[in-house]
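Inspection log for the structure reproduced underneath, given as structure tokens.
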Amino acid sequence: MACKNQYHQPEKVIWRQVYPIDEQIYPFTERAFYSLACNHCENPTCLNVCPVKAYYKREDGIVVHEQKKCIGCGNCIRSCPYGAPRYNPELKKAEKCSFCWQRIDAGLQPQCVQSCPVDALQIIDLATFNQPGAVQYPPGFPKQPKLNPSVRFMLPRLPKTIGEEDI
Amino acid sequence: MNHATEENCMKTNSNAPEEQGGICPLSRRRFVKGLLAAGVMANLPCGLLRPIRSEAGEIVYEGSYETFRNACPRNCYDTCAIKTYVKDGVVQFIEGATESTFTRGGLCVKGYGYTRRPYSPDRIKYPMVQQGRGSGNWKRVSWDEAMDRIAGKILEIQDKDDSLLGMALSKYSGNFGITNYGVEGMMTSLGYTTRLTGTPCWPAGIDAQNFDMGDMWCNDPEDMVNARYVILWGGNAAWNSVHSVKYIYEAQRHGAKIVVIDPVLTQMAAKADEYWQIKTSTDGALALGMARYILENDLYDRDWVMANSVGFEEFADYLRNNITVEWAAKESGIPAQNITEMAKEFATAKPATIWLGYGLQRHVNGGATVRAIDALVAMTGNVGKIGGGARYGHLRTWGFNYHALLQKQPEGAKGVPGKAEVKGDFNFTGDDEGAALSYSDRSLNINKTAQVILDTNDPPIRMLWVACKNPFSQDFDRNKMVKAFEKLEMVVTVDQFFNETVNMSDIVLPVTTLFEEWTINASYWHYWLSINERAIQPMYESKSDIQIAATLSKKMNTLRPGSCTFPTEIDSREWMIKEFNQGIYDLFGIKSWEDLKDGPAKAKMHQASWHDLKFGTPSGKYEFKSKLAEEWGHKALPEYVAPREKNDKYRLLTPHTKFGLHSQFVNLDWTEEFNPKPFVYIHPKLAAEKDIKDGDTVRIFNSIGEVTTTVKLSTVVPADAILMYEAWFKNNGYNVQNVVDDTSSDMGAYKTGQPGVAIHDQFADVARV
Amino acid sequence: MSNMEMPLVVFSVLSQTAIGLVIINTNRQWTAKPHLAHLQEGSRQWGIVLAFLVTGMIASFFHLGHPLQAYTTLKHLSNAWLSWELLGIAVFLGLALLGLLTEKRNKSGMISFATALVGLLTLLFMGMTYSPPGYPAINNALPLVFFLLTALLLGASCSAWFAPPEKRAWLLRILSVTLIVGLVVYLIVPCVWLSGGTVMKQTAWAWILSPLYWGRIGIGLVLPLILLWRLQDIPAWLPIIILLGELMGRAGFFRDTVHAAGNIGGLY
């Protein structure tokens, strides 16, 4: 919602989406989630397949989509296995999480990172990141080594459950 | 008041009711086009974040917006300090204030919807009159005409009954901005009226904490990082106090053990070290069981208990004669071994703390439960320590002038004979006029609103003013409420959306959002104070509660001079300033209210409540044995009170959803995108019993009424319970109050004027449709 | 369910028809004994090819959010298969126009050959474009196979409009074999998917439960086979039936193939 508050995307054009993790992976219904936006992959498929070169990748890794070049062909939308680019029917163009690059350039944090009350979303430097237990492809997240998404995850913990019955 | 301004957004303001939808304000798209037209290139979908480059080539981010300070005025622990970014008179986006270590730059999934709220196409724009309650036959009227009708009715009541007791106020916590107590002030300024007093929220626990310690006073939540053991008992911080969770996480990182005790495996439970699925409403038994173990094994803090409490010996006797761990295990469903393990851990962790949630005490034995848990914390010497304490809430930072609240009745006003103390959880000043007073307001139980409307006579309640409340969504036994409303001759509701209560009203008055009014906000949990500035001009013809009061007063005095003492012209900014006093300034270490324009301020209070161990009880000590409790019809000791008897097949739980706060937020189109429909949640075992599959349409029914909705199978709900989140979905008849009755909780009358209500002691059956 | 992408359905099927027609025509005429062609025979053939191609291209503009900027789509030849596909189509169009203007009597000179080659390459580019990582079931050579089938089926059946009697048996053989191969491919592919990962399985079931899938098999493959067997020749109206089948099948290709992002949070 912080992202929507910043960019006012029209309905269904969601840049950051919170996906509940299935019970087969985390046993309690709707108690663990992946909050996902664009993964700003090392080798982004959106950038590769765009016929008008509307994407570019910055030095710091942010994959930027240039709206003014976009012709709304939808190739990136079909291509990204993470569903990051979405079609904006009002502008008739694709759009996706921008990593709030203008906020970053102004020395601020992206809205989502700043808004998270428990630091579940953090910006890391992949070059030096070394947190034990972090994984790149947790279950429920498409594995795409060719794209090499630039996100890392800490898996949810399970509480010890005590009660009369099996919980 | 004409709100047309020279700002772009008001240009499209139109007088025709048909054009209400979607005119103002400047939509984001139009705004972007405007930018493009102005020659500013938009590299991204919104040109909004285009940083302005100054001459020196530096990026200036903040310079292109006007910023304002706001505060979330909802009934929420976190009461966030907000920084609002406005451009061209339109709220562009908001952030949490970074100056508050509690808010720490971020809001919540509800709060970020504020950016949309003033501009929601569903917003009530003008005073409107409905021809036939529930018909949807709304007609726009001018403020003057609306006031004419209202004032006319008030005077009619005055003449008929020779008092204004036939006019009642239904108000609670829809807006906690201090100036909003001007609504009560308005009622007082009209005469002696009927007040629905008490609180549905936390009264049993307040009484309990008052019996035990003499006040409800919690530690600074930010000190939880120091706890070595944290029990979250009957509260879901991950949904209802998201900003507190970071302190719990930090305690966890430092090796503290986090335990959640709750009938439902809540989001907070999923993050705990241990989750205990307790049988609903048996928490008192569990606490007493732990206490017995701690007593037997000499794990209690004898020195503390000797020096700072009374009645421990009697409490110990009670435990020895009535409580065993085995009994507690049977009653609560928690294995005895776990009870003893945790009792030992809790007693030996220094410091240990328990966060008592409000759901915990929404039972017929809620107050007794809180007393038992308080006793657990006290006997282990954790009261008065940083990182310790029996945390519930506090009101130590609410010492304002209540200038808006304090008004005088008109001369010659009559009411209930005799001076009665009007009590309430947020009533700070009470009725403190002089001895010459011989009348008072009529106090009725807000938790039985429907029943009291039906039962009250001499005079009956003829007119209801509803503000900061939504009785049809929040009060209990909806079918009874429908009947009760039939008795009312006029219903006036002040609100922002056509919710259920508005739909059953005769007149609706459009009220301002937080961005459109001046007020101040404190929290009943953390220790911060925030100013709420007017960031944008009030949209359409909305007015704040005090502006409405002034408008009414003007009309009253025109029709009958002297009939209302509320000032007829007010400057809302001045009224906000008038709430401040030196006490507030000293407490927060600020020189003037203007300091708050730079950000919220934190009270210079010791982090630990009761750190001086000077309790507010009659004895001045912690009272395991409380004579006061006895006077109020309870046991003197924190004895166990049995839960409510089951009166239907399954227990029905109706807690809060993470997407809304009661009937606010869930109806916004932004929120609907993430939370479009309501569900009822049942365990797969229960579903199997009833031959129900995931996604089926089911009805939940009991003697009160029924609800029909879609089912979701969930492993977090106990196998013998039905769970529905209480919320108002626009265009959806879903309303949990159809199946919730108004049974009282045990405590609440002492400090809040009325007993509470056992919201989670409901039972129902479920069947496929 | 993804978007049915009707503009792309029309574009891909019709442009592949055009390509297939050129390939078959060229092949047919190169393998034929030289003989007197009808007057303007070449123009007719090129005209039909262009009719299919241009109709398809017009349809494709409806797919774009901003069709007027379509000319910019050639910018990313370094990396994007879509740019190559559009380049291929553009060159194919150019050569076809050239053919229309020069090969008026006898089609199948060098221009035909070149056009056929460019067409084949374009099919390859299309195959690469429509097999993105976002759709695990078709992130492979299957789209290319599907497109080749489309091209050959429609190319062969339309080529019958121009085939002289001595070439009809040859054409009949090609069409029949392609129909049988198509039938086998389309029946086997969902079964193969059923033994793949979660999203492949979901795709398999979506196809199996889709009326478009069975429509294409019934109307676009089985029915023509039966008709060919009974009639022992390719009637002029047969391409319409096959076209119907292909359009249904292509619509299903877009609508029923499951996107990977739909399964996020679930096991893959």
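Source: prediction; values computed, not measured. In what follows, chains are A, B, ... by sequence order, proteins preceding strands, each numbered from 1.
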Interface moiety of [X] toward chain C, non-hydrogen atoms closer than 4.5 Å:
X	result
Pro142(A)	both
Ser79(A)	both
Tyr87(A)	side chain
Asn75(A)	side chain
Leu36(A)	side chain
Cys80(A)	backbone

* **Contact leader toward chain C among Ile21(A), Asp22(A), Ile71(A), Thr45(A), where contacts are heavy-atom pairs under 4.5 Å** =>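 Top count of heavy-atom pairs under 4.5 Å with chain C: Ile71(A).
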
* To do: With a 4.5 Å cut-off on heavy-atom pairs, point out which of Gly83(A), Pro139(A), Cys50(A) contacts chain C the most.
  => Cys50(A)

* For chain A, which of Asn139(C), Leu64(C), Thr129(C) has the most heavy-atom pairs under 4.5 Å? ->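 With the most close heavy-atom pairs to chain A, the winner is Leu64(C).
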
* Choice from Asn3(C), Leu74(C), Leu77(C), Leu82(C) maximising heavy atom contacts with chain A below 4.5 Å ->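 The option with the most such pairs is Leu82(C).
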
For [X], which atoms come within 4.5 Å of any heavy atom of chain A: side chain, backbone, both, or neither?
X	value
Phe61(C)	neither
Glu5(C)	side chain
His259(C)	side chain

Residue [X] excluded, over 12 heavy atoms near [atom1] under 6.0 Å:
X	atom1	answer
Phe129(A)	CZ	yes
Ile240(C)	CD1	no
Lys201(C)	NZ	yes

If you measure from [atom1] on [X] to [atom2] on [Y], what distance do you get to the nearest 0.5 Å?
X	Y	atom1	atom2	result
Lys53(A)	Thr72(C)	NZ	OG1	12.0 Å
Gln69(C)	Lys93(A)	CD	NZ	6.5 Å
Thr198(C)	Gln24(A)	OG1	CD	8.5 Å

* Asked: Just wondering, do Ile25(A) and Leu267(C) contact through their side chains at under 4.5 Å, heavy atoms?
  -> yes

* **Heavy-atom donor-acceptor pair, His76(C) side chain to Ala54(A) backbone, under 3.5 Å** =>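 Answer holds: no.
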
* To do: Please report the closest heavy-atom contact between Tyr130(C) and Arg78(A), naming both atoms and the distance.
  => CD2-NH2, 3.7 Å

* Heavy-atom closest contact (Pro133(C) atom, Pro81(A) atom, distance) ->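 For Pro133(C) and Pro81(A), the tightest heavy-atom pair comes out as O-CB, 3.7 Å.
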
* To do: Just do the side chain to side chain contact (heavy atoms under 4.5 Å, CB included) check on Thr73(C) and Cys73(A) with the steps written out, would you?
  => CA-CA 9 Å; Thr73(C) 51; Cys73(A) 77; 5.9 Å; no

